[in-house]
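Take a look at the structure set out below.
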2 protein chains.
Amino acid sequence: MIRPMRAFKHPTPQELTLERVLYALSDPVRLDIVRYLANVPEATCGELDGGRPKSSMSHHFRVLRDAGLVHTRNVGTTHMNSLRRDELESRFPGLLASVLSQR
Amino acid sequence: MIRPMRAFKHPTPQELTLERVLYALSDPVRLDIVRYLANVPEATCGELDGGRPKSSMSHHFRVLRDAGLVHTRNVGTTHMNSLRRDELESRFPGLLASVLSQR
DNA sequence: TCGATAGTTCGATGGTAATCGAACTATGGT
DNA sequence: ACCATAGTTCGATTACCATCGAACTATCGA
């Protein structure tokens, strides 16, 4: 009886709130993650820790996931993260691009 | 020896950080304040409390001021608040408009 | 099946933020 | 001068959040 690895819950675009998205983006670590993900198709969690403990990174990815910014899928032993560009665009048109355009 | 009412400190556009702005906007009460201010030239603090204590409103206005979103000037016994549209636009072009365009 | 690897979850800690009442300050009006 | 009004500041409480180590889970490879 093999149970598959627990899948992550990803909110639908309708479930997203502007406050939650802005809050998720208001942390320097998470903003860096989002900026990084904006330039690659996907990235693993480990690829993004800046020497930080895995548990801290896991926390930030969870916040980003719960806010609807990031999608995580399981690939072997790693977790592949990607920006939910299209869903974000459908729910908050132009918002992500606007934030990412700031320096 | 008359001392004028203590003036508020307003950060310059250069001093603003994206994280701070996004954080200030991530609270429902403050987001409502900003949305309201977007539709009027100026507004007093009292005009915006939704039955909340004055001290709570004062706190939120302070956060918005410190983040650089709101300017407060003294007019008689009241405080007139306005959105710092131009400064915001110069520091984070398009950001405020993008956030305000979301429902 | 035995590591090794990648990441999550748990629990604790410290820091920060929201909230409110109460006291205080400043201004204008009478 | 006195009072009312508008808002700030202070202090306390509560709640939440970032951080980290440690234990746990899942997958792959040997």
Side-chain angles (χ1 to χ4, degrees), chain A residues 1-10 17 19-34 36-37 40 42-67 69-82, chain B residues 1-10 17 19-34 36-37 40 42-67 69-82:
Chain A
M1 181 54 164
I2 303 172
R3 274 176 308 124
M5 181 182 262
R6 196 175 347 192
F8 295 107
K9 193 183 61 177
H10 294 96
T17 68
E19 289 91 333
R20 245 177 135 64
V21 169
L22 295 178
Y23 178 77
L25 291 171
S26 73
D27 179 274
V29 177
R30 291 193 291 265
L31 193 51
D32 279 347
I33 292 175
V34 170
Y36 185 95
L37 289 178
V40 296
E42 292 184 299
T44 62
C45 299
E47 194 173 338
L48 285 157
D49 63 4
R52 279 170 232 280
K54 296 190 293 180
S55 54
S56 292
M57 295 309 290
S58 192
H59 162 70
H60 286 302
F61 274 103
R62 183 148 141 63
V63 174
L64 289 170
R65 260 197 312 272
D66 291 350
L69 283 160
V70 165
H71 182 267
T72 306
R73 67 186 181 98
N74 299 108
V75 177
T77 70
T78 76
H79 290 184
M80 277 302 189
N81 301 282
S82 56
Chain B
M1 181 55 163
I2 304 173
R3 274 177 307 125
M5 181 182 264
R6 196 172 350 190
F8 296 107
K9 194 182 61 177
H10 293 96
T17 69
E19 290 90 334
R20 245 177 135 63
V21 169
L22 295 177
Y23 178 78
L25 291 171
S26 73
D27 180 274
V29 176
R30 292 193 291 264
L31 193 51
D32 278 347
I33 291 174
V34 169
Y36 185 95
L37 289 178
V40 297
E42 293 184 299
T44 62
C45 299
E47 193 174 339
L48 285 156
D49 64 3
R52 279 170 232 280
K54 295 189 294 181
S55 54
S56 292
M57 295 309 290
S58 192
H59 163 71
H60 286 302
F61 274 103
R62 184 149 139 64
V63 173
L64 288 171
R65 261 197 311 272
D66 291 349
L69 283 159
V70 164
H71 182 268
T72 307
R73 68 187 183 97
N74 300 108
V75 177
T77 71
T78 76
H79 291 184
M80 277 302 190
N81 300 283
S82 57

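In what follows, every chain begins at residue 1, and chains take the letters A, B, ... in the order their sequences are listed. Basis for what follows: all heavy atoms, side chains included, without hydrogens, waters or symmetry-related copies.
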Between [X] ([atom1]) and [N] ([atom2]), how many Å, whole number?
X	N	atom1	atom2	answer
B:Leu22	C:dA17	CG	C1'	17 Å
A:Arg62	C:dA6	CZ	P	22 Å
A:Ile33	C:dG7	CD1	P	12 Å
A:His59	D:dT19	NE2	P	7 Å
B:Asp49	C:dC20	CG	P	11 Å
A:Phe61	C:dG7	CZ	P	8 Å
A:Arg73	D:dT27	CZ	C1'	15 Å
A:Arg30	D:dT19	CZ	P	8 Å

Identify the heavy atoms of A:Gly46 and A:Asp49 that sit nearest to each other, and give their distance.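 A:Gly46 and A:Asp49 have their closest heavy atoms at O-OD1, 2.9 Å.
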Nearest listed nucleotide, side chain of [X], among [options]:
X	options	value
A:His79	C:dA18, C:dT8, D:dT8	C:dT8
B:Asp27	C:dC20, C:dT8, C:dA18	C:dA18
A:Phe8	C:dT8, D:dA18, C:dA18	C:dT8

So what does [X] touch, heavy atoms closer than 4.0 Å: a base, only the sugar-phosphate, or nothing?
X	result
B:Arg65	sugar-phosphate
B:His60	sugar-phosphate
B:Thr78	sugar-phosphate

Which one of A:Arg62, A:Arg65, A:His79 satisfies the side chain to side chain donor-acceptor pair (under 3.5 Å) criterion with A:Thr72?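 Output: one option passes, namely A:Arg65.
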Would the distance check show the side chain of B:Ser58 and the main-chain N or O of B:Ser55 forming a donor-acceptor pair, the cut-off being under 3.5 Å?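 No, because the side chain of B:Ser58 does not come within donor-acceptor range (under 3.5 Å) of the backbone of B:Ser55.
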Expected output: side-chain B:Arg30 to main-chain B:Ala24 donor-acceptor under 3.5 Å: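 Judged by distance alone, yes, a pair lies under 3.5 Å.
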Reading DNA chain D from 5' onward, which residue's closest nucleotide shows up sooner: A:Val75 or A:Tyr23?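 Result: A:Tyr23.
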No-H, no-angle donor-acceptor pair, A:Ser55 side chain to D:dG21 base, under 3.5 Å: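 Side chain to base: pair found, below 3.5 Å.
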For C:dT5 and A:Thr77 - does any side-chain N or O of the residue sit under 4.0 Å from the phosphate oxygens OP1/OP2?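 No.
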Just N and O in the side chain of B:Ser58: are any of them under 4.0 Å from OP1 or OP2 of D:dG7?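 Checking B:Ser58 against D:dG7: no side-chain N or O falls below 4.0 Å of OP1 or OP2.
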Knowing that exactly one of A:His71, A:Glu47, A:Glu42 qualifies, which makes a side chain to side chain contact (heavy atoms under 4.5 Å, CB included) with A:Met80?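 Single pass found, and it is A:Glu42.
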